[in-house]
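The figures here come from the full heavy-atom set of this structure, side chains too, leaving out hydrogens, waters and symmetry mates. Just so we're clear, the structure is a prediction, and the values are computed from it rather than from any experiment.
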Amino acid sequence: MSTMGRLDEAVRLTGVSAYGARFTDLVVRYGEVVVLTGPNGSGKSTVSRVVVGELTAAGSVDVLGAAPVMADLKGRIGYLVKDLETMGSLTSRDVLDICAAVRGCTTAYAHLLADRIGLELDRPMAQLCRGQLRRLGIVQALMHEPELVVLDDPMTELDDEARRVLPVLLREAADRGAAVLVTALAESGAGLSADRIVPLRRDDDVDSRSNQAGAEQAEPGRGLEAARPRVVRGGELRDGGRPAAIERSWLRSRFGPAVRRGRAERLESVADPGDRPGRGHRTGPARRGAVVAVPDPAGHHQLPRLGSRAPAGRRPAGTSAGQARPG
Ligand SMILES: Nc1ncnc2c1ncn2[C@@H]1O[C@H](COP(=O)(O)OP(=O)(O)OP(=O)(O)O)[C@@H](O)[C@H]1O
């Protein structure tokens, strides 16, 4: 059962258990950076997945005033999964275009973040090293200035320079009013300038019968990361599926129920290079099945703004999600 948390709390987990273990209760307030630390296998990813609604668990879970799986929280949460799947032919720029279109924001802040953290924008994902993929995951999680940022193990695979930049970006998100939850092994967590560090404990003696309803994958299309997509590696389809179907599946898995048939089809339009003057990248017949966001003739994305925003007063005046920031 879910009980409503206090107004200053973005996340409240109480008595949450999954996989036969009960985890430390957790509160994350707006405007703070909380780092959840613990050794391998302590449950950092499990707790992150519960928070974003990817995993249902026994216990009380309040996220942004709702049970995450039941609410369409897309657009209100920015989430970095630990193992980011790649879409071989898409570049980081393509992915950020898609994210911007689906979330109804511009890419201006995303590109600024990319520059600051050192993300290569124009390489196919299949060619990105793991540190670059991690950067892409971080940028897509922050670019729409969500109310809640959940980054699962972002420090792993980052080099020293990116490790210096990341805490600054997280602090900026919190100063803007976001609640920020980051998981890390204890040693890397120390570098994240947390307001609070919460050591994660798990009690493995939980009666497994009480967990039968918990620790299930969220129903496809309902949670943020509900449906695990089939994976494209190196530009090849691992299971031989059709590219468009796989990419639609990927879109749905990333953006949840908001990406319905009509919207996904618009995203899957194959643009002629002549349609997109001034863009340094393109998709076309040579990249069959690639997913692009298609702007209208005025250059505005047609997709509706999705998700609600942080309550008024949590953002500094003059800023809103998706607005470009001064350099
Ligand atoms: N799909 C699953 N099925 C059953 N048990 C699982 C599953 N996923 C995780 N677990 C259990 O939950 C425990 C916590 O895993 P989790 O990945 O959340 O830990 P972690 O702290 O993120 O680890 P790491 O630091 O290695 O990433 C695992 O040891 C495992 O026992």
Side-chain angles (χ1 to χ4, degrees), residues 2-13 26-34 47-56 60-81 95-96 98-107 109-110 113 137-152 154 169-170 172-183 218-219 221-227 251-260 263 301 303-316 319-323 325:
S2 176
T3 53
M4 186 68 77
R6 287 170 34 177
L7 282 178
D8 63 342
E9 294 173 356
V11 174
R12 174 174 283 271
L13 304 186
L26 176 69
V27 169
V28 187
R29 298 183 181 84
Y30 293 103
E32 70 174 356
V33 178
V34 173
V47 169
S48 302
R49 296 174 67 206
V50 168
V51 169
V52 302
E54 178 181 307
L55 191 68
T56 57
S60 172
V61 181
D62 274 302
V63 178
L64 303 178
V69 175
M70 301 307 291
D72 179 8
L73 298 177
K74 191 222 69 60
R76 301 178 68 193
I77 297 180
Y79 176 40
L80 168 70
V81 294
V95 171
L96 297 177
I98 293 167
C99 292
V102 172
R103 295 167 181 169
C105 64
T106 74
T107 53
Y109 185 43
L113 290 169
I138 291 168
V139 170
Q140 67 77 30
L142 295 173
M143 63 181 280
H144 54 305
E145 299 186 287
E147 291 164 62
L148 172 61
V149 176
V150 180
L151 304 184
D152 190 10
L169 300 182
L170 299 182
E172 289 175 2
D175 288 349
R176 193 177 63 240
V180 181
L181 175 63
V182 189
T183 75
E219 183 182 332
R222 296 191 73 183
L224 267 186
E225 301 292 329
L251 279 169
R252 287 210 177 99
S253 75
R254 304 303 303 175
F255 303 114
V259 181
R260 299 282 182 213
R263 296 177 191 171
H301 291 296
L303 296 166
R305 182 172 290 276
L306 300 169
S308 57
R309 297 295 167 202
R314 291 206 177 105
R315 293 179 187 284
T319 66
S320 66
Q323 277 188 335
R325 297 174 144 225

From [X] atom [atom1] to [Y] atom [atom2], the distance as rounded to the nearest 0.5 Å:
X	Y	atom1	atom2	answer
Ile138	Leu113	CD1	CG	10.0 Å
Leu7	Arg29	CG	CZ	12.5 Å
Tyr109	His144	OH	NE2	11.5 Å
Glu32	Glu9	CD	CD	9.0 Å
Leu181	Asp152	CG	CG	9.0 Å
Leu148	Tyr30	CG	OH	7.5 Å

For residues [X] and [Y], report the shortest heavy-atom separation together with the two atoms involved.
X	Y	result
Leu151	Pro154	O-CD, 3.6 Å
Pro146	Ala141	CG-O, 3.4 Å
Gln140	Arg103	O-NH1, 2.5 Å

Legend entry - Trace of the side chain to side chain contact (heavy atoms under 4.5 Å, CB included) decision for Val182 with Leu170: CA-CA 9 Å; Val182 189; Leu170 299 182; 3.6 Å; yes

State, with a plain yes or no, whether a side-chain heavy atom of [X] is found less than 4.5 Å away from one of [Y].
X	Y	result
Val11	Val150	no
Val34	Leu26	yes
Ile77	Leu64	yes

Inset, instruction - List in chain and number order the residues that pass side chain to side chain contact (heavy atoms under 4.5 Å, CB included) with Ala110, two or more places apart in sequence or in another chain; answer none if no residue qualifies. - result: Leu96, Val139, Met143

Inset, instruction - Examine distances only and state if a side-chain atom of Glu147 and a backbone atom of Gly75 form a donor-acceptor pair shorter than 3.5 Å. - result: no

